[in-house]
Engineer: 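What follows is a single structure, and I will ask about it in a moment.
Source: prediction; values computed, not measured.
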Amino acid sequence: MLRVFRLMAPLLALLIAAGPAQAADPTTRLEVGYMPILPVAQLFVMEGEGWTTEAGLELELTRFSSGPAMVQALASGELDVMYFGIGPAMVARANGVPIKVLAASIREQIGLVARGELADAFARVEDPAEAIARFTETQDRKPKIATFPRGSVPDTVLRYWLVERLGVGEEAVEIVAMGADRVQQALLAGAVDGASILEPILTTVQERDDSARVVARADEMLPGQPGAVLAARESALADHPEALRALMALHLRATEVLREEPGRAAPHVREFVGKRLIGLDTVEAALRSPSSNYLADPHAILEATRTMHDFQAAQGTLRKRVDLDALFDTGLYDAVAEERAGS
């Protein structure tokens, strides 16, 4: 017996020196839906930097071509967390999907890029309404404007601009709905005359088509325009409060990188946007664009969200009016932001 103890003594000493056994940090798995667009770049930065793994989060990412497509997935019971537009978020809530908007991602990110004869018409006159009328008269047809499907933020901003800002009505142009990948292809192929769209398409099209230029930005189309948001199912918030808190902290951290270090963010964004077919310089230029106004504070987009909501309700895009106070839950952002400010 004494001989056995002497043989085991070194092993016991090592175990005592090592201290009590530590269990591996638990990992929380979240199903995250996203669109491959710059307005949700916070997700790309946190994944690219490896922060989610460090925080004990396993994000199962599902890519969608449009916000309305994500709304359909939500209605089917899929997804815990969503990075998508405020428009689809309101549509989902109006359709009875119990989600909460937790943070903003960006605002005033939409621009109207025109090419060819339409760009020329805008260059000749200062009044956008007159430019549209001149194109229609000289070309004997309405300008074709590509954008995301109805209910999306780019579509809503375009319609708001035509109806509320210009007073010409939606019928002044031919609106062509399509997914993110097709918008750029349609512009470069000359299949459409313009697009109500976001970065990096705005920058890419101007780089590849000498006739293309941005003729209106969001501050002219829908001032303070809310853009993409971070949202979650109410059940995910209830079941994984600490995981959502960790995700919020990473969202704020990534927002700072996007605002202050776009060169650092660009490689991560490029991995998700444009299937890496877009040059790194183009991605960085897009991140520095006047249409890339990253922020996280949900309070900052509330007023403009009400404007967009009322317009969508009048347009019939929403099945019913949405209680925005119920849609937004700013508590998690407020708590994490206060914690970061005090650290």
Side-chain angles (χ1 to χ4, degrees), residues 25-93 95 97-106 109 148 152-153 179-181 198 226-255 257-258 265 268-276 294-296 298 327-329 332-333 336:
D25 290 336
T27 298
T28 302
R29 183 180 180 184
L30 297 172
E31 293 185 16
V32 180
Y34 76 97
M35 291 178 61
I37 54 175
L38 256 69
V40 300
Q42 284 92 339
L43 175 63
F44 311 149
V45 170
M46 68 177 74
E47 281 285 277
E49 291 280 338
W51 298 340
T52 51
T53 301
E54 294 172 3
L57 300 176
E58 181 185 344
L59 304 187
E60 182 180 341
L61 304 181
T62 302
R63 178 179 179 274
F64 292 85
S65 62
S66 69
M70 210 179 303
V71 171
Q72 292 180 0
L74 282 167
S76 300
E78 302 173 39
L79 307 177
D80 301 308
V81 174
M82 295 70 67
Y83 270 97
F84 63 168
I86 186 64
M90 289 191 289
V91 170
R93 186 81 190 191
N95 289 341
V97 181
I99 66 169
K100 294 286 189 179
V101 170
L102 306 178
S105 292
I106 199 170
Q109 86 273 26
F148 290 170
S152 67
V153 173
D181 294 338
L198 33 78
V229 295
L230 165 60
R233 280 189 184 274
E234 292 180 0
S235 58
L237 283 164
D239 295 342
H240 309 293
E242 291 306 315
L244 269 297
R245 188 183 185 91
L247 183 66
M248 178 64 74
L250 297 186
H251 183 81
L252 269 65
R253 186 179 175 188
T255 301
V257 171
L258 288 162
H268 305 315
V269 174
R270 184 171 179 257
E271 287 292 317
F272 285 85
V273 177
K275 299 178 182 178
R276 293 196 294 174
Y294 291 100
L295 79 164
L327 173 62
F328 278 77
D329 183 347
L332 188 57
Y333 168 84
V336 173

Engineer: Looking only at side-chain N and O atoms, does H268 offer a donor or acceptor that is under 3.5 Å from a partner on E47?
Structural biologist: no

Engineer: Aromatic rings F44 and Y34: how do their planes relate, parallel, tilted or perpendicular, breaks at 30° and 60°?
Structural biologist: perpendicular

Engineer: Over all heavy atoms of both residues, which pair between D80 and R29 is shortest? Give the atoms and the distance, please.
Structural biologist: OD2-O, 4.3 Å

Engineer: Please step through side-chain contact (heavy atoms from CB on, under 4.5 Å) for the pair V32 and E60, ending with a clear verdict.
Structural biologist: CA-CA 6 Å; V32 180; E60 182 180 341; over 6 Å; no

Engineer: If we only count heavy atoms from C-beta on, is the Q109 to L38 side-chain gap below 4.5 Å?
Structural biologist: no

Engineer: Please give me the minimum heavy-atom distance between A92 and V71, naming the atom from each residue.
Structural biologist: CA-CG1, 4.1 Å

Engineer: Which atoms form the tightest heavy-atom contact between A254 and Q42, and what is the distance?
Structural biologist: CB-O, 3.6 Å

Engineer: If you define the side chain from C-beta out and look only at heavy atoms, does anything of I37 sit under 4.5 Å from Y83?
Structural biologist: no

Engineer: How long is the straight-line distance from CE of M46 back to CH2 of W51, given to the nearest 0.5 Å?
Structural biologist: 8.0 Å

Engineer: Could you please spell out the steps behind the side-chain contact (heavy atoms from CB on, under 4.5 Å) verdict for K100 and L237?
Structural biologist: CA-CA 9 Å; K100 294 286 189 179; L237 283 164; 3.9 Å; yes

Engineer: Quick one: closest heavy-atom pair of H251 and S105, and the distance?
Structural biologist: CE1-OG, 3.3 Å

Engineer: Calculate, to the nearest 0.5 Å, the distance between atoms CZ and CG belonging to R253 and L258 respectively.
Structural biologist: 12.5 Å

Engineer: Please walk me through it: do L244 and V81 pass side-chain contact (heavy atoms from CB on, under 4.5 Å)?
Structural biologist: CA-CA 9 Å; L244 269 297; V81 174; 4.2 Å; yes

Engineer: I need the M70 CE to S65 OG distance, nearest 0.5 Å.
Structural biologist: 9.0 Å

Engineer: Can you name the one residue among L230, I86, D329 that meets side chain to side chain contact (heavy atoms under 4.5 Å, CB included) with V101?
Structural biologist: I86

Engineer: Hey, does L43 have a side-chain heavy atom less than 4.5 Å from the side chain of F272?
Structural biologist: no

Engineer: What distance separates L30 CG from L57 CG, expressed to the nearest 0.5 Å?
Structural biologist: 6.0 Å

Engineer: Measuring from Q72:CD to N95:CG, what's the distance to the nearest 0.5 Å?
Structural biologist: 10.0 Å

Engineer: Is any side-chain heavy atom of M82 closer than 4.5 Å to a side-chain heavy atom of I99?
Structural biologist: yes

Engineer: Quick one: do Y333 and M248 satisfy side-chain contact (heavy atoms from CB on, under 4.5 Å)? Show the steps, please.
Structural biologist: CA-CA 7 Å; Y333 168 84; M248 178 64 74; 4.1 Å; yes

Engineer: Give me the atom names and distance for the closest heavy-atom approach of A89 to L327.
Structural biologist: O-CD1, 4.1 Å

Engineer: Closest heavy-atom contact between L79 and R233?
Structural biologist: O-NE, 2.7 Å

Engineer: Could you measure the distance from the CG atom of L250 to the CD atom of E54? Nearest 0.5 Å is fine.
Structural biologist: 9.0 Å

